[in-house]
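Written out below as structure tokens is the structure these notes cover.
Everything numeric in this text was worked out from a predicted model, so none of it was measured.
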2 protein chains.
Amino acid sequence: MTGQHDTVLRSSGLRVTKPRLAVLDAVHAHPHADTAAVLAGVRLALPNVSHQAVYDCLSALTEAGLLRRIQPAGSVARYELRVGDNHHHVVCRTCGEVADVDCSVGAAPCLTPTTDHGFVIDEAEVVYWGTCPTCSSRTAPLTQTAPIMKKESR
Amino acid sequence: MTGQHDTVLRSSGLRVTKPRLAVLDAVHAHPHADTAAVLAGVRLALPNVSHQAVYDCLSALTEAGLLRRIQPAGSVARYELRVGDNHHHVVCRTCGEVADVDCSVGAAPCLTPTTDHGFVIDEAEVVYWGTCPTCSSRTAPLTQTAPIMKKESR
DNA sequence: ATCCATACTTGACTCGTTCAAGAGACGTGC
DNA sequence: GCACGTCTCTTGAACGAGTCAAGTATGGAT
């Protein structure tokens, strides 16, 4: 796996360094991990990396297209390895959990706005907001009827 | 207009205060304004309001459903008055400019994911990323051919 | 007019992220 | 295999949006 990442780095014209390999490993192990989680994951392998190194790696890898950075409203930045397949995300309003959702259209931009105000559009990002299974069962466990959605701010 | 906002506040069960009216006015005058811009707008009418008051107003009004808060990745929070019509946004990658885009579907959630991982979904938020007319003409003004999209990170 | 809950003021503080300067390591060319 | 130049990492400080907390003021019900 690290061998894989090694090749991937090289073919993107990036230097192969331990922190970068560890960052790729960490994101691979925990998709949608935020920077703190990535840092923690990296430090399992390299206990002394600086947080700055992780920030640098994450932005270098993101710029090279090896990572994708997502940031739902109210959340810190999160990263994932799955790039180039134009998929989307479901986000839990309660706990912030993120899950992948395949794009039913396929190619980016997967949607076309009716009025574009003269913008040149290259991507349509879709975020589904809702409640994850865990939080659903925790907030409405007593009734068998359809759960009432508690939308706190909308 | 302030008369309008007065009524709107009352019918939402919120106290009518000068800062709140001024916040509504400011957002009305500058749709998609960030907190700093709202604060500046409010201070035109009320030079001594605290930034905290503006934060409090914005969150109270958002919670009451009078304002909608949007936060594209990498941006600070922005606010708009247009609520309840399930519209979306186009965001310029270069300057951060935001414009409204009507939802072609109509009702929320306007899209349904193919796999929902057990999430109870109540909203689909769509953000179109691209380049606004001003930034387009600034980066590719010399050719008459189709502009090359410079996607800096993806 | 009085009173209480809510809203605002003031000022400090948190946390994710970025900046800057110098030490260290990757990899190319010899 | 070795030296060199450039990119990357370490260290430590700083920034800015947003939040917390305690006390004062004000809206609106009685």
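- Rounding to the nearest 0.5 angstrom, the gap separating the NE2 atom in B/H89 from the CZ atom in A/F119 is 11.0 Å.
- Within the 4.0 Å cut-off from OP1 or OP2 of C/dA7, at least one side-chain nitrogen or oxygen of B/R20 is found.
- One finds no side-chain N or O of A/T17 lying less than 4.0 angstrom from the OP1 or OP2 phosphate oxygen of D/dC7.
- For the pair B/L9 CG and C/dC8 P, the computed distance is 10 Å after rounding to whole Å.
- Residue B/S50 is in base contact, counting any heavy-atom pair closer than 4.0 Å across all strands shown.
- Under a 4.0 Å N-O distance rule, the pair A/E80/A/R69 does not qualify as a salt bridge.
- Atom C1' of nucleotide D/dG27 and atom CG of B/L14 are separated by 12 Å, given to the nearest angstrom.
- Across all strands shown, B/A77 has heavy atoms under 4.0 Å from sugar-phosphate atoms exclusively, and none from any base.
- At the phosphate of C/dG27, OP1 or OP2 sits under 4.0 Å from a side-chain N or O atom of A/R10.
- Atom CG in A/L46 sits about 13 Å away from atom P in C/dA25, given to the nearest Å.
- Among the protein residues, B/D34 comes within range of no part of the nucleic acid, since none of its heavy atoms lies under 4.0 Å from any strand.
- Looking at the side chain of B/R15, the nearest of the listed nucleotides C/dT17, D/dG18, D/dG27 is D/dG27.
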Discussion item. Using the rule given for side chain to side chain contact (heavy atoms under 4.5 Å, CB included), can you reason through B/H32 versus B/E97, listing the C-alpha separation, both sets of side-chain angles and the distance that settles it, and then say yes or no?
Written reply: CA-CA 9 Å; B/H32 313 129; B/E97 177 74 15; over 6 Å; no

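- Rounded to whole angstrom, the span from the OH atom of A/Y55 across to the P atom of C/dC15 amounts to 13 Å.
- C/dC8 atom P lies 10 Å from atom CG of B/L21, rounded to whole Å.
- Rounding to whole angstrom units, CG of residue A/D56 and P of D/dC7 are separated by 14 Å.
- For B/H51, the side-chain atoms get nearest to C/dA12 when compared with the rest of D/dG28, D/dT10, C/dA12.
- Heavy-atom distances to DNA chain D give each of B/V76 and B/K18 a nearest nucleotide, and the one nearer the 5′ end belongs to B/V76.
- Between B/R43 atom CZ and C/dC8 atom P there is a gap of 14 Å when expressed in whole angstrom units.
- The interatomic distance linking A/L61 (CG) with D/dT8 (P) rounds to 10 Å, in whole Å.
- With rounding to the nearest 0.5 Å, the separation of CD in B/Q71 from OH in B/Y79 is 8.0 Å.
- When each of D/dC9, D/dG18, C/dG27 is scored by its nearest atom to the side-chain atoms of A/V16, the top-ranked nucleotide is C/dG27.
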Item to complete: Determine, step by step, whether B/I70 and B/R68 satisfy the side chain to side chain contact (heavy atoms under 4.5 Å, CB included) criterion, reporting the C-alpha distance in whole Å, the side-chain angles of both residues, the deciding distance to 0.1 Å, and the verdict.
Response: CA-CA 6 Å; B/I70 61 171; B/R68 184 170 161 197; 4.2 Å; yes

